[in-house]
Amino acid sequence: MERVGIGVIGCGYISAAYLKAAKLFPILEVRALADLNHEAAEARAQEFGLKAVSIEKLLADPKIEIVVNLTIPKAHVEVSLKAIEAGKHVHSEKPLGVALAEAKKLIELAQKRKLRVGCAPDTFLGGAHQTCRKLIDEGRIGTPVAGAAFFMCPGHERWHPNPDFYYEQGAGPMLDMGPYYVTALVDLLGPVARVAGVATMLRKERVITSEPRRGETIPVKTPTHIAGTMEFVSGAAVTIAMSFDVPKHKHTPLEIYGTKGSLIVPDPNYFDGRIEIAAAGEEWAEVATEHGYADGNYRMIGAADMAQAIRAGRPHRANGDLAYHVLEVMEAFEKSSNSGAFVEIDSRPERPAPLPVGLKTGELD
Ligand SMILES: NC(=O)c1ccc[n+]([C@@H]2O[C@H](COP(=O)([O-])OP(=O)(O)OC[C@H]3O[C@@H](n4cnc5c(N)ncnc54)[C@H](O)[C@@H]3O)[C@@H](O)[C@H]2O)c1
């Protein structure tokens, strides 16, 4: 199959994981790297034996078919729109945008130009999550009736070198970590129908404790604790809490409760993890992961699946409709908190097709 040329825009912290994983997918050929800060692109280019160019040059390269957008959240739509306007498909880091209105423009323009939009997270394509999907689809826990999703930590200023963006408007724990949880849930249970939430911001500033900016104070412009309930179209009700305000806790990341049993779903920020299942009155039993992509960090699999889908003429899995729905759901928690009412969710994406069992690394079909 003819390889698909990739251009990466945004060469910060997470780009290393993508560039490492890109080597595992024979369908991908990373042709160029670019960044607003050219030194960042140069540094990654040297590290990975690639070429750093200007953003304009990358967008003008006819051999680049997909732009992988790894910029900061508030630049996602601006950069993705530039890619679409240049006639490229785009796969963006999460979230798709920092507001539903800007994400809508992107989806509409891509549709008009007949180009594809993809978005992280792609961890739901990992072996552990695909096995959970199979268990649910095969009825192993009966009909899912409820669930619980928790990401709660003391804040990213403890480890990220430039944590400012996590506390800007349109960021916070829901837009940062919510995509992993809500995407995994939509993959497992289908779309969300309505949302109720409470969003709080008790601290107005945070002190960086990571290097090199230890001791600097950053302002907080977004809620840092968001809790709520999602009612799925299927009728399942899932409790969620995403927080940068919790020193420590003991909840598991994701659990699904069905009419016949309960399922412990591994952390949706990773590709692997321990799956457990139990019926009422039984002990928890571990379930072995059946699918590939369960033994490492495969960030880039979403873009590789898009590349393969372009050549095969099939839909790609980590797609814009799914990411748009996830953004609509995430935004709804704060809206509900402000209004004191449920927020109805309009978008209704299809569940992405599951990955087959038995794929080797690098294969997607
Ligand atoms: N850090 C992580 O562990 C992690 C994990 C998963 C996903 N992500 C997501 O990846 C994205 C990037 O995160 P990061 O941690 O790598 O951030 P970062 O700040 O380390 O890197 C972002 C890079 O994007 C560049 N950039 C910003 N605006 C730009 C623009 N308009 N055009 C071109 N380049 C631009 C910056 O110069 C910087 O080099 C975010 O959306 C984040 O949510 C991060």
Side-chain angles (χ1 to χ4, degrees), residues 7-21 32-47 52-59 67-86 88 90-99 102-103 106 118-126 151 153 155-184 208 210-213 218 222 242 244 267-271 297-303 318 323 326-327 330:
V8 175
I9 303 185
C11 296
Y13 187 93
I14 201 63
S15 63
Y18 276 79
L19 294 171
K20 209 168 152 207
L33 308 179
D35 197 295
L36 212 50
N37 168 11
H38 190 67
E39 280 174 17
E42 283 286 0
R44 285 283 186 246
Q46 269 206 350
E47 189 181 341
V53 299
S54 68
I55 295 170
E56 293 66 36
K57 201 163 171 203
L58 186 151
L59 291 173
V67 168
V68 173
N69 174 4
L70 307 181
T71 61
I72 52 173
K74 70 176 177 195
H76 283 173
V77 167
E78 175 200 324
V79 171
S80 294
L81 278 173
K82 274 192 197 157
I84 297 287
E85 278 158 5
K88 318 286 186 204
V90 66
H91 178 88
S92 161
E93 243 306 339
K94 48 78 189 165
L96 186 59
V98 292
E102 62 163 12
L106 172 64
C119 191
D122 50 13
T123 40
F124 74 92
L125 299 175
F151 173 85
C153 77
H156 292 338
E157 67 276 24
R158 294 159 60 89
W159 63 272
H160 198 286
N162 289 303
D164 313 58
F165 75 80
Y166 290 114
Y167 295 100
E168 285 170 8
Q169 236 169 16
M174 181 56 82
L175 261 65
D176 177 44
M177 295 306 290
Y180 297 107
Y181 292 78
V182 180
T183 306
I208 301 179
S210 63
E211 297 300 342
R213 294 170 56 199
I218 48 177
T222 186
M242 300 282 121
F244 290 157
D267 188 335
N269 193 5
Y270 298 97
F271 289 81
N297 187 355
Y298 295 102
R299 278 166 211 265
M300 197 58 138
I301 189 175
V326 168
L327 183 58
M330 294 192 301

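For ligands, and for the atoms within them, numbers begin at 1 and follow the listed sequence. For reference, positions follow the sequence shown, starting with 1.
- Side-chain N or O atoms of His76 include none that pairs as donor or acceptor with a backbone N or O of Asn69 at under 3.5 Å.
- Every atom of ligand 1 is numbered from 1 in the order shown, and the set under 4.0 Å from a heavy atom of Val79 is 30 (C), 31 (N), 32 (N).
- Here is the list of ligand 1 atoms found below 4.0 Å of a heavy atom in Gly10: 24 (O).
- For atom 43 (O) of ligand 1, the closest non-hydrogen atom of the protein is Lys94 NZ, 3.0 Å.
- Of the polar atoms of Tyr180, none of the N or O atoms is found under 3.5 Å from an N or O of ligand 1, judged by distance alone.
- Using a 4.0 Å cutoff on heavy atoms, Arg299 counts as a contact of ligand 1.
- Within ligand 1, counting atoms from 1 as listed, the ones closer than 4.0 Å to a heavy atom of Ile55 are 32 (N), 33 (C).
- Between Glu157 and Tyr166, the side chains place no donor N or O within less than 3.5 Å of an acceptor N or O (distance only, hydrogens not considered).
- The environment of Gln169 atom CD is sparse: at most 12 non-hydrogen atoms of other residues, nucleotides or ligands sit within 6.0 angstrom.
- Under 4.0 Å from ligand 1, the heavy atoms of Leu70 that appear belong solely to its backbone.
- Closest to atom 19 (O) of ligand 1, if we only count protein heavy atoms, is Ile72 CG2, 3.8 Å.
- When each atom of ligand 1 is checked for a heavy atom of Ala75 under 4.0 Å away, the hits are 28 (N), 31 (N).
- A donor-acceptor distance shorter than 3.5 angstrom exists from the side chain of Glu102 to the backbone of Val98, with no hydrogens or angles considered.
- Considering only non-hydrogen protein atoms, atom 10 (O) of ligand 1 sits nearest to Glu93 CG, 3.1 Å.
- Given atom 1 (N) of ligand 1, the protein heavy atom at minimum distance is Tyr13 CD2, 3.2 Å.
- The single protein non-hydrogen atom nearest to atom 39 (O) of ligand 1 is Asp35 OD2, 2.6 Å, given as residue, atom name and distance.
- Looking at atom 5 (C) of ligand 1, its nearest protein heavy atom turns out to be Ile14 CD1, 3.3 Å.
- Ligand 1 lies nowhere less than 4.0 angstrom from a heavy atom belonging to Asn162.
- Within the 3.5 Å criterion, the main-chain N or O of Gly12 finds a donor-acceptor partner in the side chain of Ser15.
- When each of Arg299, Lys94, Met177 is tested with Pro121 by the rule side-chain contact (heavy atoms from CB on, under 4.5 Å), just one qualifies, namely Lys94.
- For atom 21 (O) of ligand 1, the choice among Ser15, Ala17, Gly12 with the nearest heavy atom turns out to be Gly12.
- Taking a cut-off of under 4.0 Å to the non-hydrogen atoms of Ile9, the atoms of ligand 1 that pass are 33 (C).
- At least one N or O atom of Leu36, backbone or side chain, sits closer than 3.5 Å to an N or O atom of ligand 1.
- A centroid separation of less than 6.0 Å is found between the aromatic rings of Phe165 and His160.
- Atom 40 (C) of ligand 1 has as its closest protein heavy atom Thr71 O, 3.6 Å.
- Between the side chains of Asp122 and His91, no donor-acceptor pair is found at a separation under 3.5 Å.
- For ligand 1, the atoms lying closer than 4.0 Å to a non-hydrogen atom of His76 are 41 (O).
- Scanning the protein heavy atoms around atom 15 (O) of ligand 1, the nearest turns out to be His160 NE2, 2.9 Å.
- The side-chain contact (heavy atoms from CB on, under 4.5 Å) test with Ile9 is passed by exactly one of Leu70, Leu33, Leu59, Leu36: Leu59.
- Not close to ligand 1: Tyr18, with no non-hydrogen atom less than 4.0 angstrom away.
- Aromatic ring centres of Tyr167 and Phe244 lie closer together than 6.0 Å.
- Not a single donor-acceptor pair under 3.5 Å links the side chain of Ser210 to the backbone N or O of Arg158.
- No more than 12 heavy-atom neighbours from other residues, nucleotides or ligands sit within 6.0 angstrom of CD on Gln46.
- Between Arg44 and Asp35 there is no salt bridge, since no side-chain N of the basic residue sits under 4.0 Å from a carboxylate O of the acidic one.
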